[in-house]
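Input: a single structure, listed below in structure tokens.
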Protein chains: 2
Amino acid sequence: MTQGVEKSLIEQGVLVDPQSARGRLLTQAARLFRQKGYQSTTVRDLASAVGILSGSLFHHYQNKEAILKAVMVEGIHHTMARMRSELAEEHTTQGRLRALIACELDALNGDWGDAMAVVINEWRFLSDGGQQDILALREEYEQMWLEILYQARKERLITASPKVLRKLLYGAITWTDKWFDSRGKLSYQELTDTILQLAIKPASDP
Amino acid sequence: MTQGVEKSLIEQGVLVDPQSARGRLLTQAARLFRQKGYQSTTVRDLASAVGILSGSLFHHYQNKEAILKAVMVEGIHHTMARMRSELAEEHTTQGRLRALIACELDALNGDWGDAMAVVINEWRFLSDGGQQDILALREEYEQMWLEILYQARKERLITASPKVLRKLLYGAITWTDKWFDSRGKLSYQELTDTILQLAIKPASDP
DNA sequence: TTGCAAACCAAGCGCTTGCTAGGCTAGGTT
DNA sequence: AACCTAGCCTAGCAAGCGCTTGGTTTGCAA
């Protein structure tokens, strides 16, 4: 299902084909930006990672920042598409909340982890204009969270303010990319459940 | 009380007197490193912030990284001293846990927020040796958290694994420095309580 | 008054950085 | 056969970077 989402996005022209020269560049850029940071990654690093010389990068992208922005836009588009598709299969508020948590965890620790880590950590290196463009995409994304959290509040599933809770969860989840290893003892599902239990009250026994 | 902690640390030589040239430099460095990031802050920025020329910095510190490290060491020392002093006044596990949360929130959003934000966000720019030195300090700090969380688990105050819970709380709390404004609607106490409620089960009514 | 160390300045070196200009080549179109 | 364009290379520029060196000023102690 995830594969299907990805493929249709490529055909729509939203994502760049990862097989193409541009696509390979973005993949490598995401990896390097995450690993070394945007500023510590030189255009020479980027170029040699895809087997070309530094000057040739600027045939594909206007400047270094445009590469950063492209990585971010791809990551967000992919994550949102993924999230919509998973939400469509959940019909309880708790299930939908769990799906959000699982998606955000996977966005950071799965195949698209590099790109999403860059979205979060290299944000400040975009120019003002670039930040606004990305912000517009992210607000749409945050809206999905808030809608479900407001619903959860109505159903007394959560007690905290949705806006505050969202920010706390955001911090907790995004930080996992610094410590969580999906091949370790703690499974992906256990972590999802632990975070879900932070957010909601335990089910009141009859 | 906080003032007292600070003063005695200065007299012990653990902290640099903030009035001195070195101290003013560290204060400004923390501010700039937080605001612009370590790499984007040039030695010329640092120098002009304290009213000297760039070359004169190296009379006080061997190189730029030494300034970063000094900012971090000061921040951690201060935060730990503060934490110990507050923990000494709490005698219930829940009270102690709340104190930890409050201290960590205040460390990031109060007077020493700049230095602590640098500890968290500019970590990677230390050399390997520098990272290990700071790590040794931080492990001591984390131990204080873990001891109390293990105790809370014994008392069935929390259900999650202490280690995992600590990391989730760490992410949630440190992220507050990106959004929390202590002059806003949400008070410092409310935020502390909200986070505490995430960690612990609600008190079971009799 | 002299001596001395801490603090700072003036000038610039060596290096890396993002980016540019102009030319070459292979593959497809007309 | 002539042309075009996407993709890459070669060579290097201008700017900014951390840091060094040698000299000057300042404040305090003897």
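Letters A, B, ... are given to chains in the order of the sequence lines, protein chains preceding strands, and every chain is numbered from 1.
At the phosphate of dT20(C), neither OP1 nor OP2 sits under 4.0 Å from any side-chain N or O atom of His59(A). Between His60(A) and the phosphate of dC8(D), there is a side-chain N or O to OP1/OP2 separation shorter than 4.0 Å. Side-chain nitrogen and oxygen atoms of Ser56(B) include at least one within less than 4.0 Å of the OP1 or OP2 phosphate oxygen of dC9(C).
Residue Glu155(A) places its CD atom among more than 12 non-hydrogen atoms of other residues, nucleotides or ligands, all under 6.0 Å distant. With a 6.0 Å radius and a threshold of 12 heavy atoms from other residues, nucleotides or ligands, Lys154(B) has its NZ atom at or below the threshold.
Between the NZ atom of Lys64(B) and the P atom of dC19(D) there is a distance of 8 Å, rounded to whole Å. The interatomic distance linking Leu57(A) (CG) with dT17(C) (P) rounds to 14 Å, in whole Å. Straight-line distance from the OH atom of Tyr61(A) to the P atom of dC8(D): 12 Å, rounded to whole Å. Residue Leu25(B) contributes atom CG, which lies 12 Å from atom P of dA7(C) at whole-angstrom precision. Protein atom CG of Asn63(A) is 5 Å distant from nucleotide atom P of dC19(C), rounded to whole Å.
Using a cut-off of 4.0 Å between Lys/Arg side-chain N and Asp/Glu carboxylate O, Asp114(A) and Arg31(A) are scored as not salt-bridged. Salt-bridge annotation for Lys64(B) and Glu122(B): absent, with no side-chain N of the basic residue lying under 4.0 Å from a carboxylate O of the acidic one.
Scanning residues 34-53 of chain A for heavy-atom distances under 4.0 Å to DNA chain C yields Thr41(A), Thr42(A), Val43(A), Arg44(A).
Taking the ring axis of Trp112(B) as reference, the NZ or CZ atom of Arg82(B) does not stay both within 45° of it and closer than 6.0 Å to the ring centre.
With distances taken from any side-chain atom of Phe58(B) to the nucleotides dC19(C), dA7(C), dC19(D), the minimum falls on dC19(D). Distances were taken from every side-chain heavy atom of Ser54(A) (C-beta onward) to each of dC19(C), dC8(D), dC8(C); the shortest belongs to dC19(C).
In this structure, Leu165(B) and Leu198(A) have side chains that are in contact, with non-hydrogen atoms separated by less than 4.5 Å.
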